[in-house]
**Student:** 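Could you have a look at this structure, given as structure tokens, before my questions?
Throughout, a chain's letter reflects where its sequence line sits, starting with A, and its residues are numbered from 1.
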Amino acid sequence: MTDSTDKISDKIDYNLAFLLFLMFCVSCISIFSAQTNGQYEDNFLLKQIMWYFVGTVVLVATMIFDLEQLRKLSWYFYGFGNFLLVLLIFTPERFAPTINGAKSWFVVPGAGSLQPSEIVKVCLILVLSNVIVSHNSKIFDKTIKSDLLLILKMLGFTMVPIMLVMMQPDLGTSLVMLAIFAFMLLMSGVAWRLLVLLYSSVALIGFGLILMIIKIPEFVEGTLGVKEYQLGRIYSWLDPENYEGPEAYQLNKALLAIGSGKIYGKGYQDGSVYLPENHTDFIIGNIGEEFGFLGISIVLTLFFLLIYRIIRIALEIDDPFGSFICAGVIAMITFHVFQNVGMAIGLVPITGIPLPFISYGGSSLLGSMFAMGLVFNVKFRTRKYMFSAND
Amino acid sequence: MANKKKKKNQVPVRLNILFLFVFILFSLLILRLGTIQIVQGEKYEQKTEQTENVVAKSSAPRGKMYDRQGRVVVDNKPTYTLTYIRSQNTDPSERLETAKVLADYIEKETDKLTERDLKDYWILTREEEAKAKLSEEEWEKLEDKKAYRLQLDRITEQDLNQITEPELEVAAIKREMDTGYALTSQVIKEGLTAKEMAVISEHLASLPGVDIKMSAEREYPFGDTLNPIFGNLGPIQRASKDFYVSRGYDLNDLVGKSFLEQQYEELLRGQKTKTKFITDKSGEPIGNPETIQGKRGNDLVLTVDMELQQGVEKIIEKNIREEAYRYQVHSAYAIMMNPKTGEVLAMAGKEKDGKGGFIDKPYGTVYNAYEMGSAVKGASVLTGYNLGVISPGSVLVDTPLYIGETRKKSYTSNGMGPINDLTALERSSNVYMFRIAMRAAGFDYVPHKKGGTWNPDAYGEVRRNFAQFGLGVKTGIDVPNESVGYNGGIQQIGNLMDMMIGQFDTYTPLQMVQYISTIANGGKRMEPHLVKSVREPTNGDGLSNSIVYQNEPRVLNHVEMKQSWIERVQQGLYQVVHGSRGTARRYFEGADYVAAGKTGTAQSNDNYNLTLVGYAPYDDPEVAFAVAVPDVNGEAAINKHIGREILDLYFELKKSGSKMNLNDEKMDEEKAS
């Protein structure tokens, strides 16, 4: 039971740090290219570098607390995050303006803006991890009843921020939170039968809804009271070339940009398709056009390696709380990447969420760095046991 | 312990499953990317070449607006613009030649020229001297760009003074030709004179890239009358850029920014003539461009009668002037509507500008809300019936009430004694309405007693009843962002009583006219509108017969009250104008039509809001109106004077042959003949 090492420098995951550095490079390169298209006047690159700096400070600050402290603090993080979301609702338009139809940002004129929901996601991961660990430590005989209780508890804690975020309204972030819930539920130890039942029924309902929208739209509009414009996302996803509307316009432009990039891309700064939001939510369009299939594949590989590293860390630590945190962070990153890239290539309907680490955006980056701080922390607290190697 | 073991073991297994799941999701992305970028890449590449940067557009005029009689109220004044489309590889010297020719034909302002423009021009026209600015050695050593920069730096004031006055014009024209991207249309001069047009048209064939385009500015044949309601045009704002671009606009287009221009933007906008160039790799156009002919936007036919509108505006101005000194009247609003169809016939608002003139504020009828006073009592009585606290013929005693310390009474100092609902309307009893409110709230009234229980739900019930007439809710008019007035929330019993006499919640004149129309119309609440129909554009003058869109009369709701009750209140409103003690009686004496209505005087601070609503003819209403004169220093009769005069005007115009209720078929006949 002796620690093999105690040196701080040995407990930092350099692989992970290097991956983050590569992400930083990709982000700078593509934001610089996007802003030279002249759609916007701000110098986003400089701001993004600054945010990366602030993000690194956040990351290091997160590592101050050990896991036990984090567990206790998780309630405060969660409470504070939800408090911000509530505050947002009551903040006057001057400090929380409606941007692109959603009231999601605090804006202090001259100082900058903050999107609290980006931070709340990470707080949710912390609290769910805590809930699962506490539950499992109290229950010794797992039964269907105790499993159901755990599911309900987790669902309850997830639904609070989701409802607050839906009031903004911000569908994308709500879906991320649902994904975090779904992934962590998988990890929580709930019996397989229940999980299979739950996931397959959700999948069935989703599939059924989409089928209904395609086959009997009158019923969905008339009886279920869904307005036509709300179905716009679905229609423009299924048939972007024939459905007119802002979402279809964006999807068409994104497809055009990415598709015309072909295998090797048109070359750095040689993109020619006008793509709105190509420094934030649609940055992948910019990468795809200028660096082609190869470029996107490299970016996706970076993400995949990042997730792989986190899985490794989750497997190494002996503290389930740490593993659950890792699972939550994986859920967050995976869903962000899948949704963000997927919407630009018509794989999933459009919802505005950024590509973590790459898209321009202070709040998103802070949230991601906070999450990575937790992962680094988990790694930091992992003790290597001499005799556990062949466990 | 065994349990703990089990717990520990399930984590790695599930982590692996999670990882498998992540792997599947990423594979899906790569698979789809492969399809798009590798399999279909060629298709998308061709598409970008076809669709990006090769369409030149020229704007088409917006649709016009007509009043209900077919008179043009918003017109287009054609302006002719000299444009230039630069192909991607033209030589600067070629452009210089064209500019020289054009300078002979047109006058061009030279004040936009910068020093840099002049230097560029100097280098281009004085080749030898420009070359001499740099030594042989420098020419060899420096890159083109740097050499040019050095040339620019070394040009002196004196050099520039060589440029003559006529040359300045050439430089100014060339400057316009050089700006902007290739294959986009650049404006060289706006507002060409007839002479310039003639001479350029003659030589158009020998001027490559030069063209004359017709565009239009808005013109208002009726001057300021109703002008604010037509709305403004403006450039597309940065924030709404994506919205417009996705609907096929160009960033330099003008779009409707307010009122009707904004509300009907989609219908009014013209379709641009598009010229498609097919270009080779270097961007040079190949072959003849394909042209898609655009067309002017659709025309709007408004419900407003401009003759009536002008008259109403004059009446308001006259009345404000008459009472401005004695009662410090500073503004007044009036709106007239067909109660059966919701067609707004006139909407006018005037405010003194302090310099002897008036500011035109017709939109005040939609945006300004006031305490409207007793004019709402028709709704109060109907609310009383509907809540079952009174019934037609109920007699209540009008005597001063004491709610705690507060004395609340009607205008007569000691009350009117026992009166029924009709008299209550005729003489505008406040106490009658107070008693309805107290009954509705279950308030056990004891004079001078403080406190006492009552049910605050009565606020909601009263507002729900008022809303059936359009009071406190949106009327549905076709201008953006109408006001719904101020909702005072739930306060004391005394405030509820005040609400029944129009002194608590506030309403707009538009809501008032909708309310009185609903009563006039036997309980059908009509949606007010300003646009009657939308017509296809014509090539020449006049209206087209083909209708794109017709604003049919739309019933928003039927009041959930007995027909006999509404008729009872109509009778009460008749008494207001014709009864022996009717509050409007002496102002409508001698009218050759039968009107019904309700006066109102709301005390706000130390001043009064004077109001009047009404309709005529009583037995078959064809016009309803609302008048509001806010903030009057004393109980003037200006509201009643305005009401009488605008009704007189309406019937006078009708008699003199102005076909106020002209329907579309008739108008078409007229146009056809």
**Student:** For a 4.5 angstrom cut-off between non-hydrogen side-chain atoms, does B:Y44 reach A:I258?
**Tutor:** no
**Student:** Are the charged groups of B:E45 and A:K266 less than 4.0 angstrom apart, N to O?
**Tutor:** no
**Student:** If I take atom CG from residue B:L29 and atom CD1 from residue A:I345, how far apart are they, to the nearest 0.5 angstrom?
**Tutor:** 5.5 Å
**Student:** Among the options A:P320, A:G292, A:G261, pick out the one with the most heavy-atom pairs lying under 4.5 Å from chain B.
**Tutor:** A:G292
**Student:** CD1/A:I311 to CG/B:L15 distance, rounded to the nearest 0.5 angstrom?
**Tutor:** 5.5 Å
**Student:** Do B:I30 and A:I296 make a side-chain contact, defined as non-hydrogen atoms from C-beta onward lying under 4.5 Å apart?
**Tutor:**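 Side chain of B:I30 against side chain of A:I296, heavy atoms only: no contact under 4.5 Å found.
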**Student:** Quick one: does any side-chain atom of B:R14 pair with a main-chain N or O of A:M187 as donor and acceptor, under 3.5 Å?
**Tutor:**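 No; judged by distance alone, with no hydrogens or angles, the pair does not exist.
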**Student:** CZ of A:R312: more than 12 outside heavy atoms within 6.0 angstrom?
**Tutor:** no
**Student:** Do you know the tightest heavy-atom contact between B:L18 and A:A327?
**Tutor:**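 Smallest interatomic distance, heavy atoms only, reads CD1-CB, 4.3 Å.
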**Student:** Would you say B:Q37's side chain and A:G259's backbone share a donor-acceptor pair under 3.5 angstrom?
**Tutor:**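 Between the backbone of A:G259 and the side chain of B:Q37 there is no qualifying donor-acceptor contact (under 3.5 Å).
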**Student:** If you count heavy atoms of other groups shown closer than 6.0 angstrom to NZ of B:K146, is the number above 12?
**Tutor:** no
**Student:** Taking atom OH as the centre, does A:Y264 end up with more than 12 heavy-atom neighbours from other residues, nucleotides or ligands that are less than 6.0 angstrom away?
**Tutor:** no
**Student:** Nearest 0.5 angstrom please: A:T334 OG1 to B:F19 CZ, how far?
**Tutor:**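 The OG1 atom of A:T334 sits 9.5 Å away from the CZ atom of B:F19.
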**Student:** For A:T301, which atoms come within 4.5 Å of any heavy atom of chain B: side chain, backbone, both, or neither?
**Tutor:**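 Neither part; nothing is under 4.5 Å.
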**Student:** Should we count CD of A:E93 as having more than 12 external heavy atoms under 6.0 Å?
**Tutor:** yes
**Student:** More than 12 foreign heavy atoms under 6.0 Å from CZ of B:F21: is that the case here?
**Tutor:** no
**Student:** Verify the neighbour count for atom OH of A:Y308: are there more than 12 heavy atoms of other residues, nucleotides or ligands below 6.0 Å?
**Tutor:** no
**Student:** Can you tell me which portion of A:L195 sits under 4.5 Å from chain B's heavy atoms? Options are side chain, backbone, both or neither.
**Tutor:** side chain
**Student:** In the structure I gave you, are the side-chain heavy atoms of A:F335 and B:L25 within less than 4.5 Å of one another anywhere?
**Tutor:** no
**Student:** Ignoring hydrogens, what is the shortest heavy-atom contact between A:L300 and B:F26? Give both atom names and the distance.
**Tutor:** O-CE2, 3.4 Å
**Student:** If we only count heavy atoms from C-beta on, is the B:I17 to A:W192 side-chain gap below 4.5 Å?
**Tutor:**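 When only atoms from C-beta onward are counted, A:W192 and B:I17 do touch, with a gap below 4.5 Å.
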**Student:** Search all heavy atoms of A:L255 against all heavy atoms of B:I36 and return the closest pair with its distance.
**Tutor:** CD2-CD1, 3.4 Å
**Student:** Which atoms of B:F23 are under 4.5 Å from chain A, going by heavy atoms: the side chain, the backbone, both sets, or neither?
**Tutor:**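 Both backbone and side chain.
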**Student:** To the nearest 0.5 angstrom, please state how far the CG atom of B:L33 sits from the CZ atom of A:F293.
**Tutor:**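 Separation between the atoms: 6.5 Å.
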